[in-house]
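Structure first, then comments.
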Amino acid sequence: MAWYDEAVFYHIYPLGLTGAPKENSYGTPEHRLNSLIPWISHVKETGCNAIYIGPLFESVGHGYETTDYKKLDSRLGTNEDLTNYVAKCHEQGIRVILDGVFNHTGRDFFAFQDIKKNRENSPYKDWYCNVNFWGNNEYNDGFSYENWGGYNLLVKLNQHNPAVRDYICDVIRFWVSEFDIDGIRLDAADVLDFEYMKALRNTANEVKPDFWLMGEVIHGDYTRWVNEGTLHSVTNYNLHKALYSGHNDHNYFEIAHTVKRLYEMGGSRPDGLKLYNFVDNHDVERIYTKLNNKAHFNPVHILLYTLPGVPSIYYGSEFGIEGKKERFSDDSLRPALSLSDYADAVTNNPHTCLIAALGNIRQNTPALSYGDYQELLLTNRQYAFSRNLHGQSVIVSVNNDDSDYVMTLRAGNAAEYIGALSGEKVSVNGGNIVVNVKANGGDIWLPVTPDTKAAVSPVAPVITQPQTAVRPAPSAPESTNAVKEIHTETNTAKPADDSAKAEPVPSADNCAQANDKQAAPADSQDFESGRIAGLQEAILAIMEKNGPVTDQMRRDVEANVYHDSLIAWIKSFR
């Protein structure tokens, strides 16, 4: 087991977050990186224990056209600032990985400048691919060369050149000795030479125990890159696409199929293929922008934190901000933010509250890091699975429908389960639990043990649209096969009056309480008990009008003693 097996990442694009100029004048260093030091506490408060930050080193523009691998970008500060930043992160138990842009350099890099000056006589003429002194380019260099992505601003390194490999490996050693970093994210890893990556992996094994190499890979057989000889992990773009389109299309089959395929790709074992999972980053639109139904923010992130892999949050998305990709600029994906504008987000912003709760649950539930994966139930709109470790099962249930949904799910060796997000308890009967999964929501069901309490983080997600009545799922089959049914109905019922419309409900514990105009004084326990009982009776009465009320349904209502949750339950009926 290594630190990255239990990591929850916070991804920072520093030039954007700090509001640095788009172009580097190479002038006096501006100490903007120091403005990110207060963010370290925020990162920790949101349940993250690792930071991926980059690009950081001297460049002319967006950061990926490197000018100097051994100097912090002047727009961000000095090397001393970066050393201090990493040290501050380590003080709070947060690991740090940086961007390694080792596929190409900028035109201001010393080796390229030497070629411009000395042409065929440059000792660096073989540092780049296909340098042709009979050619030319738009910069009128008097020679041409291979670039990356069609941009001559990005000059492709010759990774087969031993001198280039030695130089880049020396850069890694320098970053560890100078800044004490814990890993590197390799930019454009899907176009890196495999022998080149093996050299980087050998250096990673040398410089520091558990030094992590993660690569940017879009598509393909991820095991080509993730193995003992090359990288520890790669970006999981397959799951990224499935998570948002699976919700937009009400198609959990897409997500489950993707998870199953990737899990099998890793040998159907939890340690086989630990991919870097994300729902947005500095190159793609914000998840809140991509979702057709904003309420799906909740189940999307529940899956991000509970499916096999290493979860990551992109800075600002924990606040639920928008960000749309533009044709000629990614600036809207990389905005400058002021932490003071979000000072109370962890307690007052339901999106941030959910992310913080999920981070806490993840860090206190080993099965989510090390447990195997088993699908339990799958329809177009409902999905449940378990993560199993040492005889205990953690059960995850999500629902992308506008109606609540009752699931009967195979449970593990426990007498009782508790919803880590809801705080609700359910008993195990006949080897199953029966849980009510809220519309456009979900929960993480933990076996009740002495260690469970630290992971339970009750929150109430924002409800952005009316919900419909609870629809029961079919009973769990006696066999161990997953329940699979295709749910395609569309409920078009409308609330009878405005009082039936759902409104945003803040958290019961971690988020700010809603104003309760009918609340009794805090010391009136009898009044509070009576109020809870009255809400429970109201829910049962509504249920009886909608159909038969089973003993389990009645027990679920009686077990819910949370005022805000009961209010939300009442508002969910139509």
Kindly list each side-chain donor-acceptor pair under 3.5 angstrom involving residues 90-99, sequence neighbours excluded, with atom names and distances?
{"residue": "H90", "atom": "ND1", "partner": "D180", "partner atom": "OD2", "Å": "3.3"}
{"residue": "H90", "atom": "NE2", "partner": "D182", "partner atom": "OD2", "Å": "2.7"}
{"residue": "Q92", "atom": "NE2", "partner": "S41", "partner atom": "OG", "Å": "3.3"}
{"residue": "D99", "atom": "OD1", "partner": "Y52", "partner atom": "OH", "Å": "3.3"}
{"residue": "D99", "atom": "OD1", "partner": "R185", "partner atom": "NH1", "Å": "2.7"}
{"residue": "D99", "atom": "OD2", "partner": "Y52", "partner atom": "OH", "Å": "3.0"}
{"residue": "D99", "atom": "OD2", "partner": "Y64", "partner atom": "OH", "Å": "2.7"}

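Partners of Y237 under the ring pair (Phe, Tyr, Trp, His ring centres under 6.0 Å) rule, at least two apart in sequence or in another chain, are H240, F278. Partners of Y69 under the ring pair (Phe, Tyr, Trp, His ring centres under 6.0 Å) rule, at least two apart in sequence or in another chain, are F102, F109. The ring pair (Phe, Tyr, Trp, His ring centres under 6.0 Å) check on Y383 picks up Y252, F385, with sequence neighbours excluded. Residues forming a ring pair (Phe, Tyr, Trp, His ring centres under 6.0 Å) with Y85 (at least two apart in sequence, or on another chain): none.
Cation-pi contact between R362 and F9: absent, since separation from the ring centre below 6.0 Å together with deviation from the ring axis within 45° is not met. Cation-pi geometry between K294 and Y288 is met: under 6.0 angstrom from the ring centre, within 45 degrees of the axis.
Residues V346 and T46 come closest through the heavy atom pair CG2-CG2, 4.2 Å.
Note: Y13 and H62 fail the aromatic proximity criterion, with ring centroids not under 6.0 Å apart. You'll find the ring centres of H250 and H296 inside the 6.0 Å limit. In summary, the aromatic rings of Y4 and H232 are positioned with their centroids under 6.0 Å apart.
The aromatic rings of H11 and H282 sit perpendicular, their planes meeting at an angle over 60°, well past the 30° parallel limit. Y10 and H42 have perpendicular rings, their planes meeting at more than 60° on a 0 to 90° scale where under 30° would count as parallel.
Atom NZ of K88 has 12 or fewer neighbouring heavy atoms from other residues, nucleotides or ligands inside a 6.0 Å radius. Annotation for H257: atom NE2 does not count as buried by contact number, only 12 or fewer foreign heavy atoms lying within 6.0 Å. Residue-environment remark: CH2 (W39) exceeds the threshold of 12 foreign heavy atoms within 6.0 Å.
Between the side chains of S74 and E58, at least one donor N or O sits under 3.5 Å from an acceptor N or O. A donor-acceptor pair shorter than 3.5 Å can be found between the side chains of S312 and Y276. Side-chain contact annotation: S369 with D5, donor-acceptor N/O pair under 3.5 Å absent. In this model, no donor atom of one side chain and acceptor atom of the other lie less than 3.5 Å apart for D443 and S397. Under 3.5 Å, the side chains of R334 and S329 contain no donor-acceptor pair of N or O atoms. Side chains of D108 and Y26: a donor-acceptor N/O pair is present below 3.5 angstrom, by distance only.
In this structure, L303 CG and Y305 OH are separated by 13.0 Å, a value rounded to the nearest 0.5 Å. Here the straight-line distance linking atom CG of L446 with atom CD1 of I444 works out to 7.0 Å at 0.5 Å rounding.
Here the side chains of V435 and V437 are in contact, with some heavy-atom distance below 4.5 Å. Taking 4.5 Å as the limit, every side-chain heavy atom of E65 sits out of range of all side-chain heavy atoms of T105. Here the side chains of F179 and N79 are in contact, with some heavy-atom distance below 4.5 Å.
Applying the salt bridge (charged side-chain N to carboxylate O under 4.0 Å, His left out) test to pairs two or more places apart or on separate chains, those with a residue in residues 235-257 are K241-E254.
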Determine, step by step, whether I321 and L337 satisfy the side chain to side chain contact (heavy atoms under 4.5 Å, CB included) criterion, reporting the C-alpha distance in whole Å, the side-chain angles of both residues, the deciding distance to 0.1 Å, and the verdict. CA-CA 11 Å; I321 69 172; L337 298 179; 4.3 Å; yes
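For the side-chain contact (heavy atoms from CB on, under 4.5 Å) criterion with L56, the lone passing option out of L15, T66, L76, D73 is L76.
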